[in-house]
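Here is the structure we will look at, set down as structure tokens.
All values derive from a computational prediction rather than experimental measurement. Throughout, protein chains are lettered first and strands after them, A, B, ... in sequence-line order, and every chain is numbered starting at 1. Every heavy atom of this structure was used, including side-chain atoms; hydrogens, water molecules and symmetry mates were not.
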Number of protein chains: 2
Amino acid sequence: MTRPAIRLVLADDERMVRTALRAILSAEPDLEVVGEATTGAEAVSVVRELRPDVVLMDVRMPEVDGIRATEQLVATMAEPPRIVVVTTFENDSYVYDALRAGAAGFLLKRSDADALVQAVRLVARTDSLLFPSAVRALAAEHGRRAAPSAPWVSKLTGRERDVLRHMADGLTNAEIARRLEVGPATVKSHVAAVLAKTGTRDRTQAVIAAYEAGFLSVG
Amino acid sequence: MTRPAIRLVLADDERMVRTALRAILSAEPDLEVVGEATTGAEAVSVVRELRPDVVLMDVRMPEVDGIRATEQLVATMAEPPRIVVVTTFENDSYVYDALRAGAAGFLLKRSDADALVQAVRLVARTDSLLFPSAVRALAAEHGRRAAPSAPWVSKLTGRERDVLRHMADGLTNAEIARRLEVGPATVKSHVAAVLAKTGTRDRTQAVIAAYEAGFLSVG
DNA sequence: GAGCCCCTCCCCCGTGCGGCGGAGACGGAT
DNA sequence: ATCCGTCTCCGCCGCACGGGGGAGGGGCTC
């Protein structure tokens, strides 16, 4: 049963992460890391050129993020590779976007080496298992809730949107800070900006406004 | 690294399917089929008794179907096993129900032996991989449209509903007290009860829960 | 280079909020 | 007659929150 090795590309802007992933994956005889990328744009070109079987794609990357890179690859390649989106937190709203963009899998950075390797093998070899097109359908439907939007939506900066999304998950400022990997004071600033722009007085009203404006894809 | 074998229970009303699954799975040294069931009801009792690591659960079964059996197991067991729901068609609406019921995975009957084995190993060993809580969230949301209201809704008293509605209007406790013509302390009590019954931490989370449960008339 | 926006982070301060642990009154159930 | 659930209300406490008013750096445009 000697199959050709599974060819992998790693896309992550942090060298340490790439190194760690490479170390884990290269230890497996049936896995071969054929390329790396440090930005979303680079990921797209590297993947187009090398045509790997699986891509481990970080969400957070300079220039073009992992979601957009995934979108582009899935949309433009005849036979796109299986793309596994890697992130730190499972409740990240990125998840939905990742699935909608066409990601085949979703992996947490805190996964152990064993899980990582098995996940790679799994997505590489099969297309009929854990949540295949069904998930795509779910995510697509989720996204179809693209609502008309309220006036204030367009006035929010990128960071403010991030913060509002997390507010709408019921997180405290401290928790949001941890997830966004910034200081609590920063989150406070963004929250204040969100409250001002949404014309609300506290986080609860802001979340209500978000729901009613269809800002959240749930609505 | 000799780990204890992964203990499996197969639940399927067709003997042929069980035999086939058993043949495939038993060929692997690290997998052990410890029990079988032919109905949903039987699956529940067998699983409760044997406490396997993974259950392969057919959707279509006599008496109680696989979805309900999954629901019951996940809801009632302290440490429910990983339940992989098995079906024939991927666009089956069962998929959504399965995920919502708490299934850890979803497998198509046309999967080859290799995929089956790997899927079992994967769900057994890890809980942080391909589409974890995110899928659950998606499925839950999907279900909300079809079947509104959450379990906690019916448990709220009349007054608690009143208070929750006003909370969802973004009012403070003092404001709610004025509208309901009661003391602020009373509102606090009701709010506390609402938080307890909705399993939320603060009013923001409670409002989110209300929105997502379709508790509000306009949502 | 000046101006502007965005993101980051800091201080102080008042308070709304939620947890904890009560209590009295009413009404329906058995 | 007793019990239980509901609604009403109390005090105390700690903390997360939001307001006010900043500061510094990077990136953009003009």
Side-chain angles (χ1 to χ4, degrees), chain A residues 13-14 38-41 59-65 88 91-94 151-210 215, chain B residues 151-210 215:
Chain A
D13 58 334
E14 292 171 41
T38 59
T39 70
V59 263
R60 298 211 142 215
M61 282 189 294
E63 298 176 44
V64 179
D65 66 31
T88 311
N91 278 336
D92 233 317
S93 56
Y94 291 126
W152 53 261
V153 173
S154 55
K155 311 200 125 192
L156 293 180
T157 68
R159 215 46 169 166
E160 286 157 7
R161 286 168 209 264
D162 290 341
V163 170
L164 177 53
R165 271 189 270 271
H166 286 93
M167 286 165 71
D169 281 337
L171 302 185
T172 65
N173 289 341
E175 287 167 341
I176 296 172
R178 261 173 258 136
R179 307 230 165 168
L180 295 181
E181 294 177 327
V182 296
T186 302
V187 175
K188 281 191 68 173
S189 295
H190 292 315
V191 169
V194 168
L195 296 185
K197 290 184 181 175
T198 53
T200 53
R201 83 185 156 197
D202 54 43
R203 65 204 299 107
T204 304
Q205 287 193 348
V207 169
I208 293 167
F215 173 77
Chain B
W152 53 261
V153 173
S154 56
K155 310 204 131 199
L156 293 181
T157 68
R159 215 48 170 166
E160 285 156 6
R161 285 168 209 265
D162 291 341
V163 170
L164 177 53
R165 277 191 209 100
H166 286 93
M167 286 165 70
D169 282 336
L171 302 185
T172 65
N173 289 342
E175 287 167 342
I176 296 172
R178 261 172 258 137
R179 301 222 176 170
L180 296 181
E181 293 178 325
V182 296
T186 303
V187 175
K188 283 191 67 172
S189 295
H190 292 314
V191 169
V194 168
L195 296 186
K197 290 183 182 176
T198 53
T200 54
R201 186 170 60 183
D202 52 46
R203 68 203 300 105
T204 304
Q205 287 192 348
V207 169
I208 294 167
F215 173 76

Write down the protein N/O and nucleotide N/O pairs, taken from nucleotides 19-28 of chain D, whose separation is under 3.5 Å; answer none if there are no such pairs.
unit_1, atom_1, unit_2, atom_2, d
D:dG19, O6, A:K188, NZ, 3.2

Only pairs at least two apart or in different chains count here, so list each side-chain hydrogen bond (donor to acceptor under 3.5 Å, both in side chains) that has a residue in residues 190-201 of chain B.
A:E175-B:R201, B:E160-B:K197, B:T198-B:T200

Of all the heavy-atom pairs spanning [X] and [Y], show the shortest one and how long it is.
X: B:A168; Y: A:I208; value: O-CD1, 3.1 Å
X: B:A206; Y: B:V194; value: CB-CG1, 4.4 Å
X: A:D202; Y: B:G170; value: OD2-O, 4.5 Å

Where along residues 173-181 of chain B does a heavy atom come under 4.0 Å from DNA chain D, residue by residue in number order?
none

Taking 5' to 3' order, which nucleotide of DNA chain C is first and which is last to have an atom within less than 4.0 Å of a heavy atom in chain B?
C:dC17 to C:dG19

Can you identify which nucleotide, out of D:dT8, D:dC9, D:dG18, has its nearest atom closest to the B:R159 side chain?
D:dT8

Whole-Å gap separating P (D:dC7) and CG (B:L156)
10 Å

Atom [atom1] of [X] and atom [atom2] of [Y]: how far apart are they, to the nearest 0.5 Å?
X: B:Q205; Y: B:L195; atom1: CD; atom2: CG; result: 9.0 Å
X: B:L180; Y: B:T186; atom1: CG; atom2: OG1; result: 9.5 Å
X: A:N173; Y: A:M167; atom1: CG; atom2: CE; result: 7.5 Å

I'd like to check the side-chain contact (heavy atoms from CB on, under 4.5 Å) partners of [X]; sequence neighbours left out, ordered by chain and number.
X: B:A185; value: none
X: A:R161; value: A:V153, A:L156, A:R165, A:F215
X: A:A174; value: A:T172, A:R178
X: B:D169; value: B:L171

Check every strand shown and say whether A:T186 touches a base, only sugar-phosphate, or nothing at a heavy-atom separation below 4.0 Å.
base

DNA chain D nearest-nucleotide lookup for B:V187 and B:D202: closer to the 5′ end is B:V187

Divergence of helical axes at both termini of the helix from C:dG1-D:dC30 to C:dT30-D:dA1 - five pairs an end, 10° steps:
50°

Which is it for A:R159 and A:D162 under the side chain to side chain contact (heavy atoms under 4.5 Å, CB included) test, yes or no, and what are the steps along the way?
CA-CA 5 Å; A:R159 215 46 169 166; A:D162 290 341; 3.3 Å; yes

